[in-house]
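All heavy atoms count here, side chains included; hydrogens, waters and symmetry mates do not. The sequence lines fix the lettering, A, B, ..., with proteins before strands; numbering per chain opens at 1.
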Protein chains: 2
Amino acid sequence: MARPARVSPDRILAAAALEFAERGFAGARVDRIARRARVNKAMLYYHFKSKDGLYRTLLRRMFTLAAGRLRAIADASAPHADKVDRVIATMAAFVDEHAFFPAIMLREVADGGAHLDRETLTALAALPAAVGGIVQQGVRARAFRDTPPMFAYFSMLAPVIFYLAGARIRKEIAHLKVVDMRESSTDDFIRHMQHATRRSLARARHARTS
Amino acid sequence: MARPARVSPDRILAAAALEFAERGFAGARVDRIARRARVNKAMLYYHFKSKDGLYRTLLRRMFTLAAGRLRAIADASAPHADKVDRVIATMAAFVDEHAFFPAIMLREVADGGAHLDRETLTALAALPAAVGGIVQQGVRARAFRDTPPMFAYFSMLAPVIFYLAGARIRKEIAHLKVVDMRESSTDDFIRHMQHATRRSLARARHARTS
DNA sequence: CCATAAAAACTAACTGGTTAGTTAACTCGT
DNA sequence: ACGAGTTAACTAACCAGTTAGTTTTTATGG
């Protein structure tokens, strides 16, 4: 017979992810996380030490998982431009699995990592590190024009995160009918970003003397 | 004679901008805003009705001001590609004047406009509307390749907002020395975004049959 | 296999500090 | 004397974290 599975910390983390993504750290309510996870609040403090502890555990997992996938792309052997395509597609797929990711990312950037300890910050840093590495490979191989890796990181992933996090507010705005916010498919947007990034990194067709 | 309007609501708004940008709506403390503005808290409730009222007033102003500048670019006569350059430069300049803008923008996207009323949401919608209009002009004039205006909006401005809002967290990460987060100048990043956006919108040099 | 004790998992109710918002009284220019 | 502007003190609700106690699981020795 199936064990009543006691209280799974994973269920708490899943509930916390939704709450933190929807409301941010300050707006999140521990009671609400506990209720969502159908767990006594004290259990939450039993498994994680505090609201901060829970938050950091969640983020560390999330960042580590995402960075792992990006590093796999970096280590693979494929044309440089294809790797960049994959970075974008991989982030989109990651968000598809973890819908709460972009909102948390946006909030964390907005408050400058205020709730993160050293370890979690290091896990976060692995994201730009992996993407930057891929760009640098391409630059060194002369497949890409000389581009600061961090610039490429921001210009290729910020729109993806922003666009995906913005689904709710775009719907609100579209609802007002004051702007044409016609929703194209997310897939189309991802393809747009892949093309834009390729064109941005591609070496000029006709070499120019600077 | 102009009343010296003893407590200036503007001073409250300025203090609120900092507080909301740093902590978000839920994390912001009314008492702290009052203290920062060197104003009795009750005055804040006298001029604005509530924390929400203050927040919405601030955002409405901000969005309206920014959208006005973008619309001025749309209405000017200049080559389409130059207008796009100006959009990016103008947003960077706007953030330079209103350092709190990007953080608030990120947070507002993250919580799907939860605290915004119809009017404020409309003011926000004017931003993508103005930028989208500029892109559409260029597409119609065959100066740009056919691109959904909202896609162009996100790919040109999300990195700017993200990069500028992220100054604090980048500094934190750089401090860890686990990634090379070497800070190039903001101006360089803006130029990078201008070039990237131009290349992304430019029509292919050699026409292709699709 | 059982008895038992310790450890882990769990709960309901509580606590104390915090926070948005209120109020009643005061100032001062017209 | 009136009303817009201002203040210190107050309040009711909220919320992270605690506690005291119960039940379930696991380890141990006979």
Side-chain angles (χ1 to χ4, degrees), chain A residues 1-60 104 107-108 111 113-117 120, chain B residues 1-60 104 107-108 111 113-117 120:
Chain A
M1 174 189 141
R3 291 284 164 71
R6 319 231 283 266
V7 160
S8 101
D10 282 352
R11 214 169 67 218
I12 298 174
L13 281 169
L18 294 177
E19 178 76 5
F20 285 130
E22 275 173 23
R23 322 245 184 185
F25 181 80
R29 297 294 163 241
V30 175
D31 291 86
R32 205 155 32 204
I33 295 172
R35 190 152 35 76
R36 280 180 157 184
R38 279 165 311 173
V39 150
N40 189 289
K41 179 166 59 151
M43 280 316 291
L44 192 152
Y45 283 93
Y46 178 76
H47 287 293
F48 308 91
K49 290 183 191 207
S50 60
K51 192 185 177 183
D52 282 85
L54 175 58
Y55 187 70
R56 291 202 270 251
T57 304
L58 172 69
L59 265 64
R60 216 177 310 131
I104 289 180
R107 293 185 200 278
E108 211 41 60
D111 49 46
H115 310 290
L116 306 186
D117 54 3
T120 311
Chain B
M1 171 190 143
R3 293 281 165 71
R6 304 201 256 179
V7 162
S8 103
D10 283 351
R11 214 169 67 217
I12 298 174
L13 281 168
L18 295 178
E19 178 77 4
F20 285 129
E22 275 172 23
R23 321 244 184 185
F25 181 81
R29 296 294 164 240
V30 176
D31 291 84
R32 204 154 35 202
I33 294 172
R35 189 153 34 78
R36 280 180 157 185
R38 278 163 311 172
V39 150
N40 188 289
K41 179 168 60 153
M43 282 313 293
L44 192 152
Y45 283 92
Y46 179 75
H47 287 293
F48 309 91
K49 291 184 191 203
S50 60
K51 190 186 179 183
D52 282 85
L54 175 58
Y55 186 70
R56 291 201 270 252
T57 304
L58 172 69
L59 265 63
R60 217 178 308 130
I104 289 181
R107 294 185 199 278
E108 211 40 63
D111 51 46
H115 310 290
L116 305 184
D117 54 3
T120 311

**Student:** To the closest 0.5 Å, what do you measure between CG (B/Leu59) and OG1 (B/Thr120)?
**Tutor:**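 Answer rounded to 0.5 Å: 7.0 Å.
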
**Student:** Does B/Arg56 reach the main-chain N or O of B/Leu116 with its side chain, forming a donor-acceptor pair under 3.5 Å?
**Tutor:**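 No; zero donor-acceptor contacts below 3.5 Å.
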
**Student:** Can a side chain N or O of A/His47 be found less than 4.0 Å away from OP1 or OP2 on C/dC10?
**Tutor:**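 So the side-chain polar atoms of A/His47 do come within 4.0 Å of the phosphate oxygens OP1 or OP2 of C/dC10, strictly under.
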
**Student:** Please list residues of residues 22-37 of chain A whose heavy atoms come under 4.0 Å from any atom in DNA chain D, ordered by number; otherwise none.
**Tutor:**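 Correct list: A/Ala28, A/Arg29, A/Val30, A/Asp31.
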
**Student:** Does A/Arg36 use its side chain to pair, donor to acceptor, with the backbone of A/Ala14 at less than 3.5 Å?
**Tutor:**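 Such a contact is absent between A/Arg36 side chain and A/Ala14 backbone.
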
**Student:** Could you tell me the separation between the CG atom of B/Asn40 and the C1' atom of D/dC10, rounded to a whole number of Å?
**Tutor:**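 It works out to 13 Å between those atoms.
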
**Student:** Establish, from distance only, whether the side-chain atoms of A/Tyr55 and A/Glu19 form a donor-acceptor pair under 3.5 Å.
**Tutor:**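 Side chains of A/Tyr55 and A/Glu19: no pair found under 3.5 Å.
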
**Student:** Would you say B/Arg38's side chain and B/Arg11's backbone share a donor-acceptor pair under 3.5 angstrom?
**Tutor:**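 The answer is no, because no donor-acceptor pair under 3.5 Å joins these two groups.
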
**Student:** May I have the distance from B/Tyr45 (atom OH) to D/dA9 (atom P), rounded to whole angstrom?
**Tutor:**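 Spelled out: OH on B/Tyr45 to P on D/dA9 is 19 Å.
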
**Student:** Counting N and O atoms only, with roles assigned by atom type, does the side chain of B/Lys51 sit under 3.5 Å from a partner on the main chain of B/Arg29, one being a donor and the other an acceptor?
**Tutor:**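 Here the side-chain-to-backbone pair does not exist.
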
**Student:** Just how far is it from atom CD1 of A/Ile33 to atom CZ of A/Phe48, taken to the nearest 0.5 Å?
**Tutor:**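 Between atom CD1 of A/Ile33 and atom CZ of A/Phe48 there are 10.0 Å.
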
**Student:** Can you check the A/Asp52 CG to D/dA16 P distance for me, whole Å?
**Tutor:**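 Distance, rounded to whole Å: 11 Å.
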
**Student:** Between A/Lys51 and B/Ala42, just flag the one whose closest nucleotide in DNA chain D comes earlier from the 5' side.
**Tutor:**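 Mapping each residue to its closest nucleotide by heavy atoms, the 5'-most match is B/Ala42.
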
**Student:** Could you state the CZ-C1' distance from A/Phe48 to C/dA8, rounded to the nearest angstrom?
**Tutor:**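 It works out to 16 Å between those atoms.
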
**Student:** Give the rounded distance in Å between these two atoms: CD of A/Glu19 and P of D/dC15.
**Tutor:**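 Atom-to-atom, A/Glu19 to D/dC15, this comes out as 10 Å.
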
**Student:** Of the listed nucleotides (D/dT7, C/dG21, D/dG5), which one gets closest to any side-chain atom of B/Lys41?
**Tutor:**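 Nearest to the side chain of B/Lys41 among the choices is C/dG21.
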
**Student:** Atom CZ of B/Arg38 and atom P of D/dT6: how far apart are they, to the nearest Å?
**Tutor:**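 In whole Å, D/dT6 P and B/Arg38 CZ are 14 Å from each other.
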
**Student:** Round to a whole Å and report the spacing from CE of A/Met43 to C1' of C/dC10.
**Tutor:**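 Rounding to the nearest Å, CE of A/Met43 and C1' of C/dC10 are 6 Å apart.
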
**Student:** If I take atom CG in residue A/Leu54 and atom P in nucleotide D/dA16, what distance separates them, rounded to the nearest angstrom?
**Tutor:**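 For the pair A/Leu54 CG and D/dA16 P, the rounded distance is 11 Å.
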
**Student:** Of the listed nucleotides (C/dA9, C/dG21, D/dT7), which one gets closest to any side-chain atom of A/Tyr46?
**Tutor:**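 Nearest to the side-chain atoms of A/Tyr46, counting from C-beta on, is C/dA9.
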
